[in-house]
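Scroll down for the structure; my scribbles are underneath it.
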Amino acid sequence: MTRERHIPGANSTELLKRREAAVPRAVFNTVPIFVAGGEGAEVIDVDGNRYIDLAGGLGVLNIGRANPHVLDAVHAQVDRYIHECFHVSMYEEYVELAEALNQITPGDHDKKTMLANSGAEAVENAVKIARYATGRDAVVGFTNAFHGRTLLGMTLTAKEMPYKHGFGPFAPETYRVPFAYCYRCPFGLEYPSCGVACAEHTADVIDSQIGKDNVACMIVEPVQGEGGFVVAPDEYLPALKEICEERDIVFIDDEIQSGMGRTGTMFAAEHYDVTPDIVTTAKSLGAGFPISGVTGRAELMEAPHVGGLGGTYGGNPVACAAALAVIGELTETDLLERARAQGRAIRDRLDPLVDELEIVGEVRGLGPMVGIELVTDKSTKEPHKIATGAVAKRCHERGVLILKAGTYDNVIRLLAPLGIPDAELEAGLDVLVDALRWAQTGAGRS
Ligand code: PLZ
């Protein structure tokens with residue numbers, strides 16, 4: 001399955017030509033293939049090539065593709081009704097999914113949930129709710145963050161190229177503080193002796209520069225996704241939450257990429273001693289159907305006036321049916337346990353590479369949400385963007401779908417379906433490890 005193949009094949013090449021003529025280049029592609037189908041963690045392209053999926057449709061397929069329970073739920077829902085608009089005539093699936101999200105998100109306080117279509121929309125709505133509830137304007141976000149491509153989402157996203165370049169002006173009243181990216185500590189300190197001084201710095205920025213009574217919310221990813229799978233150290237999120245509590249700032253936990261089992265628990269925040277005020281979900285929530293959730297403390301969620309929140313498609317019934325099946329799979333099967341086992345298997349294979357290969361600067365992650373940061377030299381930590389691109393390409397050519405990430409484009413990230421069979425995972429990791437060793441020889445630099 002993992003032998004080298006020529007991609008794109010003839011059929012993908014034909015489609016690529018049509019794609020180039022009809023679709024703008026800005027809508028980027030990672031692998032130059034068109035898909036014919038697939039199941040679980042296997043993808044088949046229109047030329048009959050098979051791939052092991054370590055990308056999960058960009059973090060959407062935690063429960064795998066073509067999960068029979070999701071398909072049954074979707075088929076049954078399509079036969080009943082596809083769309084009503086919750087603002088016109090209501091349907092039970094919306095309420096049921098809200099109840100389920102209220103149940104599974106961290107904390108046992110009273111919660112309410114609104115549904116939307118994408119992660120960016122969830123972020124927008126979370127901030128709207130926080131602003132309304134507090135009567136304040138400012139939003140505090142972080143370096144390395146990604147929160148979507150809408151105006152506010154893009155503004156809160158840190159990386160200039162490609163996300164923001166040429167797309168300004170950006171939304172006002174947003175402030176960025178340094179995230180605890182310990183491998184590249186912005187203060188030049190070492191964890192844990194630093195005492196998470198970055199959190200202290202955030203408190204200072206809020207108090208001395210923004211004004212604590214002006215801040216509506218802080219939005220944070222417990223494991224930064226697009227930013228390069230940067231894992232918040234243990235004390236960090238509780239420290240940020242405390243800063244928020246002391247100043248009546250709403251703490252928004254963006255679990256769009258890290259949630260729905262990605263880190264081996266339902267939400268990444270569960271690894272930390274922290275209870276968010278609002279949690280945003282999307283991606284693997286719908287197993288591919290566009291759906292997102294904003295789940296928060298009931299009193300916050302109730303703040304905006306009637307009619308203040310909504311949208312034509314938010315909480316589409318077919319997407320709700322899919323999401324309910326996803327939650328069923330995650331809560332009623334051993335998938336989370338398998339996710340943790342996957343995380344251990346990945347680390348067993350990849351951790352030794354830090355000693356073996358000069359280009360592997362760090363292997364980090366939470367559960368199976370693992371990233372490998374590549375550098376030209378361990379002491380300077382100069383990001384090795386070329387090797388990272390070459391490793392990803394070599395994996396694609398050898399039948400493994402894998403993604404890059406990182407503010408410096410130098411992180412390989414793993415987002416495999418949580419239930420990927422052991423043999424497929426090992427075969428995928430074989431290809432990845434070979435590609436890293438190949439890149440170390442310098443072959444990946446041309
Ligand atoms: N918050 C933490 O990871 C989406 C982006 C893909 P949407 N990440 C994948 C791309 O290149 O646009 C994401 C995320 C976090 C918000 C979002 C936004 O979710 O569903 O893509 O809008």
Side-chain angles (χ1 to χ4, degrees), residues 55-63 97-98 100-101 104-106 113-130 139 141-142 144-159 163 179 217-232 237 250-272 274 276-296 311 314-315 319 322-323 326-327 330 339 365-369 371 403 405 413-415 417-418:
L58 234 173
V60 171
L61 298 172
N62 285 359
I63 66 152
L97 181 55
L101 284 167
I104 63 171
T105 46
T113 290
M114 76 157 289
L115 301 173
N117 306 289
S118 66
E121 269 185 277
V123 167
E124 296 275 340
N125 280 288
V127 172
K128 276 168 74 170
I129 293 162
V139 183
F142 291 86
N144 233 33
F146 186 96
H147 296 293
R149 291 180 184 259
T150 53
L151 178 61
L152 183 60
M154 171 177 65
T155 306
L156 291 169
T157 292
K159 190 177 177 183
Y163 304 126
F179 189 81
C217 57
M218 175 186 289
I219 181 160
V220 59
E221 302 157 82
V223 181
Q224 294 187 313
E226 301 308 304
F229 282 29
V230 182
V231 185
L237 295 182
V250 177
F251 183 88
I252 302 173
D253 170 20
D254 184 345
E255 295 266 5
I256 288 164
Q257 191 156 168
S258 60
M260 308 312 296
R262 183 72 259 159
T263 66
T265 52
M266 188 66 85
F267 294 100
E270 292 168 40
H271 293 271
Y272 300 87
V274 72
D277 299 314
I278 292 180
V279 177
T280 54
T281 46
K283 287 197 186 277
S284 280
L285 174 62
F289 283 86
I291 188 153
S292 60
V294 183
T295 303
V326 168
I327 292 173
L330 288 169
L366 259 190
M369 186 171 184
L403 297 173
R413 60 171 147 171
L414 301 184
L415 286 167
L418 304 179

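Quick caveat: nothing in here was measured; it's all calculated off a predicted structure. The figures that follow rest on heavy atoms only: side chains count, while hydrogens, waters and symmetry mates do not.
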Is the shortest side-chain heavy-atom distance between I252 and V123 below 4.5 Å? no

What one should report as the nearest heavy-atom pair of A122 and T280 is O-CG2, 3.8 Å

Sequence neighbours excluded, the answer for salt bridge (Lys or Arg N to Asp or Glu O under 4.0 Å) partners of K128 is none

Between E124 and L152 (side chain of the first, backbone of the second, donor and acceptor by atom type, cut-off under 3.5 Å), is there such a pair? yes

Considering non-hydrogen atoms only, spot the tightest contact between P368 and T263 and give its length. CD-C, 3.7 Å

Mind checking side-chain hydrogen bond (donor to acceptor under 3.5 Å, both in side chains) for E255 and listing every partner two or more places apart, or none if nothing turns up? S258

Output all residues satisfying side-chain contact (heavy atoms from CB on, under 4.5 Å) with T155, sequence neighbours left out; order by chain, then residue number. L151, F170, A171, T174

Does S292 have any side-chain hydrogen bond (donor to acceptor under 3.5 Å, both in side chains) partners at least two apart in sequence or in another chain, and if so, which? none

State, to 0.1 Å, how close A405 and R413 come at their nearest heavy-atom pair, and which atoms those are. CB-NE, 3.4 Å

Nearest heavy atoms of F229 and G371, plus distance in Å: CD2-N, 3.8 Å

With a 4.5 Å heavy-atom cut-off, do L58 and E226 have their side chains touching? yes

Heavy-atom nearest pair, D277 first then F251, reads OD2-N, 2.8 Å

Could you work out, with side-chain contact (heavy atoms from CB on, under 4.5 Å) as the rule, every residue matching S284, not counting sequence neighbours? N62, M260

Ring pair (Phe, Tyr, Trp, His ring centres under 6.0 Å) against F179, all qualifying residues, sequence neighbours excluded: F142, Y236

Give, for atom CD of Q257 and atom NE2 of H147, the distance between the pair rounded to the nearest 0.5 Å. 11.5 Å

Sequence-distant partners of E121, salt bridge (Lys or Arg N to Asp or Glu O under 4.0 Å), two or more places apart: none

Quick one: list whatever passes side-chain hydrogen bond (donor to acceptor under 3.5 Å, both in side chains) with E270, sequence neighbours left out. none

Between CG of L414 and CZ of R262, what distance do you get to the nearest 0.5 Å? 8.5 Å

Partners of S118 by side-chain hydrogen bond (donor to acceptor under 3.5 Å, both in side chains), sequence neighbours excluded? none

Partner set under ring pair (Phe, Tyr, Trp, His ring centres under 6.0 Å) for F146, not counting sequence neighbours: Y163

To the nearest 0.5 Å, what is the distance between CG on D253 and CD1 on I278? 10.5 Å

Measure the CG-CD1 distance between L330 and I104 for me, rounded to the nearest 0.5 Å. 7.5 Å

I'd like to know if the side chain of N144 and the backbone of G227 have a donor-acceptor N/O pair within less than 3.5 Å. yes

Kindly give the heavy-atom pair with the smallest separation between L237 and P222, and that separation in Å. CD1-CB, 3.7 Å

Under the side-chain contact (heavy atoms from CB on, under 4.5 Å) test, which residues partner T113, sequence neighbours left out? A98, L101, N102, L115, T295

Do V326 and L285 have side chains that get closer than 4.5 Å, going by heavy atoms? no

List in chain and number order the residues that pass side-chain contact (heavy atoms from CB on, under 4.5 Å) with V60, two or more places apart in sequence or in another chain; answer none if no residue qualifies. K283

